[in-house]
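A quick write-up on the structure given underneath.
Just so you know, these numbers use all the heavy atoms, side chains as well, and skip hydrogens, waters and symmetry mates.
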Amino acid sequence: MRLEGKVALITGGTSGIGRRVIERYREEGAEVVFTGRRQALGQEVAAATGGTFMEADAGSEADAERVVKAVLDAHGRLDVLMNNAGAPAASRGRMEDLDLTSFDQTVQVHVRGALAHMKYAAPAMRAAGKGAVINVGSVAGHRSGYSGSIFYGIAKAAVIHMTRLAAMELGEDGVRVNAISPGVIATGIFAKAMGLDPDKAETMVEKIKEALPDMQAIPRAGITDDIANCAVYLGGDEAGFVNGEDIVIDGGLIWGRRFSETQTGGGTWSKLID
């Protein structure tokens, strides 16, 4: 019961990482309000977890204001805000072929939406003299080559730096702001990025797991528990002196090639080490 007595708001909670965070927060004793755009799925998650679902667009400032106000009206407090909502960027390809309308949409969900939720949550957290904000970044915000879309990488890099900026401001009032940057986590977002219908994409998770173990040093696919467990830590009092951090959870993906590959790799690398 590490989160007993806390009230949390989680965006993008109808599937994937968000749903697992809701489950873990409920297991740890938190009251959870979560948002998403899929009404039927949201109600299903609410029934399964005991959380409270509100249909909302995480990229809408008006919805952010409405949802935060509803949480405060219902519970009188907001202890944890997790800006988890996201989507794969639709526009891929060479620079000259990019559709900048898609860029605006990507930034609206990942950056503007997170900023809007912080804007409306900050006054209550400041008044309480405590609180935790968790933004979701990505390894694509640290290194190139981990997303097929330049837009996604730009947006996630902005989220990571926005986290640091907010941490330096809100930290003075006792409010901690941190980020989690997942690596390759087995969720439906990969199938969505390839153009599959969102509902069908969620059925592909087991197949995705089978394809991921060899991407990083830790020889297994990343799973939603890897992110949810970190979210429990950052949202709880154990992380009371952690502020402005971006915790990368990727099995070592962004730090280089696996040792075994350096010993048996072919081509140019093999010629250099032989």
Just to verify, what does Phe53 make a ring-ring contact (aromatic ring centres under 6.0 Å, His included) with, not counting sequence neighbours?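 Expected list: Phe34.
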Residues in side chain to side chain donor-acceptor pair (under 3.5 Å) contact with [X], at least two apart in sequence or another chain:
X      : answer
Arg24  : Glu27, Glu28, Asn229
Asp79  : Arg77
Arg164 : none

Cut-off 3.5 Å, no hydrogens considered: what does the side-chain donor-acceptor table look like for residues 236-249, sequence neighbours left out?
| from | atom 1 | to | atom 2 | distance (Å) |
| --- | --- | --- | --- | --- |
| Asp237 | OD1 | Lys6 | NZ | 3.1 |
| Glu238 | OE1 | Arg2 | NE | 2.9 |
| Glu238 | OE1 | Arg2 | NH2 | 2.8 |
| Asn243 | OD1 | Val177 | N | 2.9 |
| Asn243 | ND2 | Ala167 | O | 3.1 |
| Asp246 | OD1 | Ser181 | OG | 2.9 |
| Asp246 | OD2 | His142 | NE2 | 2.4 |
| Asp246 | OD2 | Ser181 | OG | 3.0 |

Calculate, to the nearest 0.5 Å, the distance between atoms [atom1] and [atom2] belonging to [X] and [Y] respectively.
X      : Y      : atom1 : atom2 : answer
Met54  : Gln39  : CE    : CD    : 10.5 Å
Met1   : Leu3   : CE    : CG    : 9.0 Å
Leu253 : Trp255 : CG    : CH2   : 10.5 Å
Thr35  : Arg66  : OG1   : CZ    : 9.0 Å
Ile150 : Met95  : CD1   : CE    : 4.0 Å

Using modelled atom types only, decide if a donor and an acceptor are shared between the side chain of [X] and the backbone of [Y] within a distance under 3.5 Å.
X      : Y      : answer
Tyr152 : Ser138 : no
Asn84  : Gly12  : yes
Tyr25  : Ala231 : yes
Gln108 : Gly59  : yes
Arg176 : Leu234 : yes
Arg26  : Ala30  : yes
His75  : Val32  : no
Ser147 : Gly153 : no
Asp173 : Leu170 : no

Which heavy atom in [X] sits nearest to a heavy atom in [Y], and how many Å separate them?
X      : Y      : value
Gly13  : Val45  : O-CG1, 4.0 Å
Thr11  : Ala58  : CB-CB, 4.2 Å
Ala48  : Arg19  : CB-NH2, 3.8 Å
Ala56  : Val67  : CB-CG2, 3.8 Å
Leu78  : Ala121 : CD2-CB, 3.7 Å
Asn135 : Ala114 : OD1-CB, 4.3 Å

Would you say [Y] ends up clustered with [X] if hydrophobic residues are merged whenever their side chains have heavy atoms under 4.5 Å apart, either directly or through other cluster members?
X      : Y      : value
Met162 : Phe151 : yes
Val159 : Tyr120 : yes
Ile218 : Val184 : no
Leu100 : Val111 : yes
Val7   : Leu72  : yes

Partner of Leu115 under side-chain contact (heavy atoms from CB on, under 4.5 Å), chosen from Arg112, Met118, His117: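 Going through Arg112, Met118, His117 one by one, the side-chain contact (heavy atoms from CB on, under 4.5 Å) with Leu115 is satisfied by Met118 alone.
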Would Thr262 and Phe259 count as a side chain to side chain contact (heavy atoms under 4.5 Å, CB included) here? Give the steps. CA-CA 5 Å; Thr262 69; Phe259 173 76; 4.1 Å; yes
Below 4.0 angstrom, N of the basic side chain to O of the carboxylate: do Arg38 and Glu44 qualify?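 Salt bridge absent between Arg38 and Glu44.
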Qualifying salt bridge (charged side-chain N to carboxylate O under 4.0 Å, His left out) pairs with a residue from residues 143-160, counting only residues at least two apart or across chains: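 As it turns out, there is no salt bridge (charged side-chain N to carboxylate O under 4.0 Å, His left out) pair with a partner in residues 143-160 once direct neighbours are skipped.
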Report, as yes or no, whether the 6.0 Å neighbourhood of atom CZ on Arg37 holds more than 12 heavy atoms from other residues, nucleotides or ligands.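 Open.
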Do Thr224 and Glu23 have side-chain heavy atoms sitting under 4.5 Å apart?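 Counting from C-beta outward, Thr224 and Glu23 never come under 4.5 Å.
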With heavy-atom distances below 4.5 Å as the criterion, would you say the side chains of Ile134 and Asn178 are in contact?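 Answer no - side chains too far apart.
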Can you list the steps and then say if Asp250 with Gln216 is a side chain to side chain contact (heavy atoms under 4.5 Å, CB included)? CA-CA 8 Å; Asp250 70 345; Gln216 62 280 312; over 6 Å; no
Show your reasoning for whether side chain to side chain contact (heavy atoms under 4.5 Å, CB included) applies to Thr163 and Val133. CA-CA 9 Å; Thr163 296; Val133 177; over 6 Å; no
Check the pair Ile227, Ile185 against side chain to side chain contact (heavy atoms under 4.5 Å, CB included), reporting the backbone distance first and the verdict last. CA-CA 9 Å; Ile227 310 305; Ile185 308 298; 4.0 Å; yes
